[in-house]
Every structure is written in C-alpha cells, then in structure tokens.
Amino acid sequence: MSAMKADIVTIFPDFFRGPLEYGITRRAQEMGLAEVKVHDLREFTRDRHRTVDDRPFGGGEGMVLKPEPLFECLESMGVAPREDRLAGRAKESVVLLSAQGRRFTQKVSAELALLDRVILLCGRYEGVDERVADFLADRELSIGDYVLSGGEIAAAVIVEAVMRLLPGAVGNEASTQQESFTVDSKAKGSIGADSTCGSNGLLDYPHYTRPAEFRGMAVPEALLSGNHEEIRKWRRQRALEKTLRNRPDLLEGAALSEEDNKFLAGIRKNRG
Ligand code: SAH
C-alpha cells in the first residue's frame, strides 16, 4: 500500500514543526504509512509584500484570505480534478477548515483514512473568500463549536486523528476499534455477549495501571479479580455510566444489548 498523502496549506508553515513530530503521527510517517507536506501560501503570491489577505467587500471588520494564492497553490500540487474527487473516482479530498463546516467526528476521520490524499486548507483572519468553499474545496470541516484564530490547529487535529487509523500505525489494531465513538458496523444491530470488543459508540471505559493502591486510592476490585466475565461487565457498565453522564446524545447511536438497556434503566430509575 502506498503512503497516504496529507498536504497542509497555511501562512504559518513552521507551526507544524511541533505537532506532527511526536508519537504515532511521527511513527506513521517514519514507517512510510503517511507523508505530510506543508505548503507556504505566501509562495503563491505575486506581489512584493506577498499579500495573502484583503479587505472584505461590503465592509466590516477584519481581513479575508484572498482566493488567488489558494487556487494557485492547489493547482501546483497535482491534485485530481474536482469532478473526479466529488464523484469518488479520485480518492482525494480537499478540505477547508472552517467554523462553519460540518463537524469533524471519528466517523469522518475513518472516511478520510480510506483516501489516498487529503489536502487541508487553513483559514486565518475573518475567514477565507467564499469562492474557495464553493469552487475549490470539496468540503468544509469544523473541529467543534468554537472559533479558533486559524485553521492550523484544526488541521493538526485532523491529521493526527486520521493517521492513527491507517493500518499499521497503532501497534495493536484492535485498540483503535475499541476506543470512544467507534461504532463497529458489524456490531450495530447484532449485539451480545462480546460487547467488550469495541465501544460500539459509547465512550471508552476507564483504564488503570499499577500501583493497585496509590495514596489511598484503590483500583476497582473487579479489575483485579482475573475473572474475565466480571471485568467485561464492569467495563461495559462504567462506559455506559460515563456516556449517560457526559454524552447522553451518543446513546442513541450506540449498539446496546438487552443487558445494557436494563443497566441504564436501573440508573435512570435511581436518579428519579
Ligand atoms: N469569521 C469566522 C471565523 C474565522 S476564524 C466565523 O465566524 O465563522 C479564522 C479561521 O480559523 C477560519 O477560516 C478557519 O480556517 C479556522 N477555524 C476557526 N474555528 C474553527 C473550527 N472550529 N474548526 C476548524 N477551523 C476553524
């Protein structure tokens, strides 16, 4: 399999020196699973001042990233034609980071991980000339409901989330299947005894390591029991509790067994 290509377009190329050079993200690149290139948008300007922004038509605050450098930068990269990308004939996607984008989730991350190439365009200032969203990018993605001052951190978040899903990037493949948010397509609908494999759309269960007792704080008894069924049940129940408490919205999409539903009903009853 050839390496997945990630191209980041930014006015702050040095920004990425840190974030992409650690841990799994670094290892995936060293193993040749992924290849990240950072492109300096200012290299695609034509004036002496290397201007990337301009005042908004219609007036108002701030500056807007100009379209020409972004279009020219993309054209220099040999990206597949937009029609082919949109039709799925080319496994490439041009993503504009934007607070107005669709929410980036684990599901979107898994979709992107199947592609040959992802191009991430980082906005700045008040945002990017809308013609970039309409005619150059294939989609707008937001990493959450808050406003950052640039797309760089968002791009780093996406690259990190996607790269750990590339086959071979994480030592133990099963571990990325068991994590928070992951719904195993096979598990949904058909549930059962083995609900310990895969969080099935719930948040992950709590993890502990040695020492078994630390400053009077003990590791839960069930985990020390060596009884697999007891451990499975304990983990599942904690995952259910935490999801109900912190992210009840996830329960709707989760694959729940009869046992799970009974447990949740019990908690809800106790809460009154
Ligand atoms: N005026 C815009 C915010 C611009 S912030 C608005 O109100 O929607 C400047 C840039 O930061 C954006 O162009 C985008 O690239 C990036 N950005 C800000 N928040 C983001 C988010 N939640 N997700 C992804 N990118 C974001």
Side-chain angles (χ1 to χ4, degrees), residues 4-20 25 34 36-45 49-77 79 82 85-86 92-113 115 117-165 180-181 246-247 249-250:
M4 169 188 229
K5 290 196 174 69
D7 294 273
I8 301 173
V9 178
T10 171
I11 60 169
F12 295 130
D14 286 344
F15 181 94
F16 293 94
R17 280 179 189 280
L20 302 179
T25 320
V36 183
K37 268 198 197 137
V38 181
H39 306 260
D40 182 358
L41 187 62
R42 287 195 201 275
E43 288 179 11
F44 298 87
T45 54
H49 300 290
R50 313 221 296 163
T51 312
V52 289
D53 59 327
D54 207 339
R55 288 194 304 273
F57 275 123
E61 291 301 306
M63 300 297 271
V64 177
L65 273 189
K66 292 156 62 63
E68 309 95 303
L70 282 162
F71 275 76
E72 289 189 23
C73 177
L74 216 76
E75 282 153 12
S76 78
M77 285 164 47
V79 179
R82 192 167 187 255
R85 301 187 320 248
L86 291 175
E92 301 185 8
S93 188
V94 178
V95 175
L96 174 65
L97 282 316
S98 165
Q100 301 138 44
R102 292 237 173 100
R103 189 87 63 87
F104 178 70
T105 60
Q106 189 67 12
K107 186 160 169 261
V108 176
S109 184
E111 280 167 33
L112 296 182
L115 301 178
R117 189 174 190 188
V118 178
I119 298 97
L120 300 154
L121 310 177
C122 304
R124 274 277 153 181
Y125 315 114
E126 290 306 311
V128 181
D129 186 289
E130 193 71 11
R131 285 166 289 192
V132 170
D134 287 345
F135 302 106
L136 188 66
D138 309 337
R139 55 175 120 200
E140 291 176 85
L141 288 179
S142 163
I143 62 162
D145 293 350
Y146 37 78
V147 179
L148 303 167
S149 33
E152 284 75 12
I153 287 186
V157 164
I158 291 179
V159 169
E160 177 157 324
V162 169
M163 279 173 58
R164 63 198 305 288
L165 294 179
S180 299
F181 311 117
N246 291 346
R247 293 295 304 278
D249 56 302
L250 293 177

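In each ligand, atom 1 is the first atom listed, and ligand 1 is the first ligand listed.
At least one side-chain heavy atom of Leu141 sits less than 4.5 Å from a side-chain heavy atom of Leu112. In this structure, Val64 and Glu130 have side chains that are not in contact, with every pair of non-hydrogen atoms separated by 4.5 Å or more. No side-chain heavy atom of Lys5 sits less than 4.5 Å from a side-chain heavy atom of Met77. With a 4.5 Å cut-off on side-chain heavy atoms, Cys122 and Ile8 count as touching. Residues Asp138 and Arg82 have side chains in contact (heavy-atom distance under 4.5 Å, counting atoms from C-beta outward).
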Exercise for review: Check the pair Asp40 / Arg42 against salt bridge (Lys or Arg N to Asp or Glu O under 4.0 Å), numbers first and verdict last.
Suggested key: CA-CA 5 Å; Asp40 182 358; Arg42 287 195 201 275; 5.3 Å; no

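For ligand 1, the protein residues placed under 4.0 Å by at least one non-hydrogen atom are Leu97, Ser98, Ala99, Gln100, Gly123, Arg124, Tyr125, Glu126, Gly127, Leu141, Ser142, Ile143, Gly144, Tyr146, Val147, Leu148, Ser149, Gly150, Gly151, Ala154.
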